[in-house]
Amino acid sequence: METEDRKTHFIESIISEDIQNNKNNGAVVTRFPPEPNGYLHIGHAKSICLNFNMANRFNGRCNLRFDDSNPAKEKQVYIDSIQSAVHWLGFEFGTPFYASDYFDRLHDFAVELIKKGKAYVCSLSADQIREYRGTLTEPGKDSPYRNRSIEENLDLFDRMKKGEFEEGEHTLRAKIDMQSPNINMRDPIIYRVKKAPHPRTGDKWCIYPMYDFTHCLSDALEGITHSLCSLEFEDHRPLYDWILDQLDTPCHPQQIEFARMNINYTVLSKRKLQRLVEENHVDGWDDPRLPTLEGMRRRGYTPEAIRRFCDIIGVSKKDSRIDMGLLESCLRDDLNERAPRVMGVLKPLKITIENYPDDLTEELTAKNHPQNDDMGTRTLTFSKNIYVEQDDFMEDPPKKFFRLGPGREVRLRYAYLITCTDVVKDETGRVIELICTYDPQTKGGNAPDGRKVKGTIHWVNANDCIDANVRLYDRLFKDENPEKDKQDFIENLNPESLEELENCKLEKSLENILPEKAVQFERLGYFCLDSKASSKTGSEQNPVFNRTVTLRDTWAKMKGRH
RNA sequence: UGGGGCGUCGUCAAGCGGUAAGACACAGGGUUUUGAUCCCUGCAUUCAGAGGUUCGAAUCCUCUCGCCCCAGCCA
């Protein structure tokens, strides 16, 4: 199980050590703190798994906390989506927490800071603040408002709160050190006026706390012991600690940073994903080509595969670009075990078995899983007219091609050995039908005379199969690094990332399959019924299946070599 | 050229002074009614580089090089 072979990493080591030293009385409390301003993606899954796994591993708990301190960007739909995604991934979080629930206390902490002379109301404009901040190589200089009296600061802050000022007129700043080589310590803004209604607090507030002020205090209020975040916050840690050191808080959590995930052939940033959606390069946030959790779910990814992937990639502080192949490998591993096998033909080629009785229909038994008998069997029907895959026939096949060709014999999976006797073409010379003979002695697929047939192909009975549309996906970008040579990643989109096939034929047993339920179309890959297309369309429309991932294909690899 | 971080196989990643795990990928081979699965085998004399300490260094010290992050009233 994943809990057993999950590898230990530096964060787990730190926590273990803390427990041994009885730090926090041995408690472990983590949190996953998304801002509800977009949808979750596989990168978030890494953080979710890390936080929940650490909590579970050490008998602690992990809070889902919405970091909702910027009402200009946050929406209830995201809150809902995030909760359902975390749930789908397989984690229990009880009632979610919200930074906005702490707005009163955060305000009081700010007042406390002012009273201690550690914060002041600054009346510089945004541009001025930027100027005064200095640059990476030059120190900043003190704001002229830095030494306002505590009384004046208290009064001004109170009036900010009451809405007496417009956005940008005043800010509340921590009084730290404008000379600091760490820009985050140059009197960072901790409260700003923002006259926007909040999804949860409505119009109660017109001042909102900034991330640096909100996060550490929210952590402290929730009794978080280990606050895990990504590397770009490493520079903020001194500020995180500074704020908690000034105030009387329930505890002082330890911030630990780790590297965020990158995967080749895709992008993992809300900003870029948003652009793909808004410019209609993809069809919404749940487009199956996207690495969003909703997109992956619709594509057919299982939570188990994603969790496994997150365990396998580990946690470190090194910048990385993980091979998409690893994700797919985890997916196949999981799907191979859980997906029942069925047959479907994507690009049908009609076959007439000339020596098969005209109106006979036979029933054949097929295993639902070659290695797992517990998954049972199903009945397939067979008749004179069937469909096979166009790719499984070559008029002039090379020596290593084990499938159909003129005069060649192949096995129809679970059915009969057939031999191609004639090829029917249309006026343009395209092959439109194969005439074959079958060997009645080979029912089930074995020849009594023991003759070996190298190729086994899938097929579907033309008389009772289901018509379907199938969407095949390829990587979203052409280059493994979509921003290679500093080009706009949009330029790198793979124009062939989606292929929709409209005349597919599937075996009858797929008639009532549920959306998202994984099946393997033998020899073609893993598929699932699309949850969106199938629910919104009328009964007229064919069902739509998504290919989740192909099977490993060494034949394609061999072909590619020559 | 300020501050913070990182550099171990093509890609992730163990390793914490005692002589380079594992996974994916790749390459061979076996089994197979999915060219799938499964099973074998191979795949870093070397840890960004150079010095040094040590009986012994990927691990300690010094210097050099490379990459990433930070100048939102975003998180």
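Naming convention: chains lettered A, B, ... in sequence-line order (proteins, then strands); numbering from 1 in each chain.
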Start with the C-alpha distance between E480(A) and Y265(A), add both sets of side-chain angles, then the distance that settles side chain to side chain donor-acceptor pair (under 3.5 Å), and finish with yes or no. CA-CA 4 Å; E480(A) 69 167 286; Y265(A) 295 104; 5.1 Å; no
Note: L228(A) and M54(A) closest approach over all heavy atoms is CD1-CG, 4.5 Å
Report the distance from atom [atom1] of [X] to atom [atom2] of [N], rounded to the nearest whole Å.
{"X": "F402(A)", "N": "rG35(B)", "atom1": "CZ", "atom2": "P", "answer": "9 Å"}
{"X": "D319(A)", "N": "rC67(B)", "atom1": "CG", "atom2": "P", "answer": "12 Å"}
{"X": "H9(A)", "N": "rU8(B)", "atom1": "NE2", "atom2": "P", "answer": "19 Å"}

Per the glycosidic torsion and the 90° limit around 0, nucleotide rG66(B) is anti
request  = Start with the C-alpha distance between Y191(A) and F213(A), add both sets of side-chain angles, then the distance that settles ring-ring contact (aromatic ring centres under 6.0 Å, His included), and finish with yes or no.
outcome  = CA-CA 8 Å; Y191(A) 259 94; F213(A) 191 69; 5.8 Å; yes
Looking across every strand, which nucleic acid part, if any, lies under 4.0 Å from [X] by heavy atom: base, sugar-phosphate, or nothing?
{"X": "V410(A)", "answer": "nothing"}
{"X": "S180(A)", "answer": "nothing"}
{"X": "Q371(A)", "answer": "base"}

Sticking with atom [atom1], work out how far [N] lies from [M], rounded to a whole angstrom.
{"N": "rU62(B)", "M": "rG5(B)", "atom1": "P", "answer": "15 Å"}
{"N": "rG10(B)", "M": "rU19(B)", "atom1": "C1'", "answer": "26 Å"}
{"N": "rG22(B)", "M": "rA14(B)", "atom1": "P", "answer": "15 Å"}
{"N": "rG52(B)", "M": "rC40(B)", "atom1": "C1'", "answer": "46 Å"}
{"N": "rC70(B)", "M": "rA57(B)", "atom1": "P", "answer": "40 Å"}
{"N": "rG7(B)", "M": "rU11(B)", "atom1": "C1'", "answer": "15 Å"}
{"N": "rU32(B)", "M": "rA36(B)", "atom1": "C1'", "answer": "10 Å"}
{"N": "rG15(B)", "M": "rA44(B)", "atom1": "C1'", "answer": "14 Å"}

Return the nearest nucleotide to the side chain of [X]; candidates are [options].
{"X": "D323(A)", "options": "rC12(B), rG35(B), rU11(B)", "value": "rU11(B)"}
{"X": "L551(A)", "options": "rU34(B), rU37(B), rG5(B)", "value": "rU34(B)"}
{"X": "K557(A)", "options": "rU34(B), rC12(B), rA27(B)", "value": "rA27(B)"}

query: What about Q520(A): does its side chain form a donor-acceptor pair under 3.5 Å with the base of rU34(B)?
result: yes
- Mark yes or no for a side-chain to base donor-acceptor pair under 3.5 Å between R321(A) and rU11(B), with no hydrogen or angle criteria applied. no
Of R341(A), R413(A), H458(A), the one forming a side chain to side chain donor-acceptor pair (under 3.5 Å) with E522(A) is R413(A)
Checking N1-N3 plus N6-O4 or O6-N4 for Watson-Crick, or N1-O2 and O6-N3 for wobble, each under 3.5 Å, the partner of rC65(B) is rG7(B)
Is [X] near enough to [N] that one of its side-chain N or O atoms lies under 4.0 angstrom from OP1 or OP2?
{"X": "T137(A)", "N": "rU1(B)", "answer": "no"}
{"X": "R523(A)", "N": "rG35(B)", "answer": "yes"}
{"X": "K317(A)", "N": "rG7(B)", "answer": "no"}

*Should the ring pair H236(A) and Y211(A) be called parallel, tilted or perpendicular, given that the plane angle runs from 0 to 90° and is split at 30 and 60?*
perpendicular
Taking R186(A) for its side chain and S180(A) for its backbone only, find out whether a donor-acceptor pair lies under 3.5 Å. yes
With B for base contact, S for sugar-phosphate-only contact and - for none (protein heavy atoms under 4.0 Å), nucleotides 70-75 of chain B reads BBSBSB
For this session: With salt bridge (charged side-chain N to carboxylate O under 4.0 Å, His left out) as the test, would you mind laying out the steps for R307(A) and D311(A) before giving the verdict?
Result: CA-CA 6 Å; R307(A) 277 189 263 130; D311(A) 286 344; over 6 Å; no
Exercise. Determine, step by step, whether K75(A) and N37(A) satisfy the side chain to side chain contact (heavy atoms under 4.5 Å, CB included) criterion, reporting the C-alpha distance in whole Å, the side-chain angles of both residues, the deciding distance to 0.1 Å, and the verdict.
Key: CA-CA 6 Å; K75(A) 292 193 171 73; N37(A) 68 343; over 6 Å; no
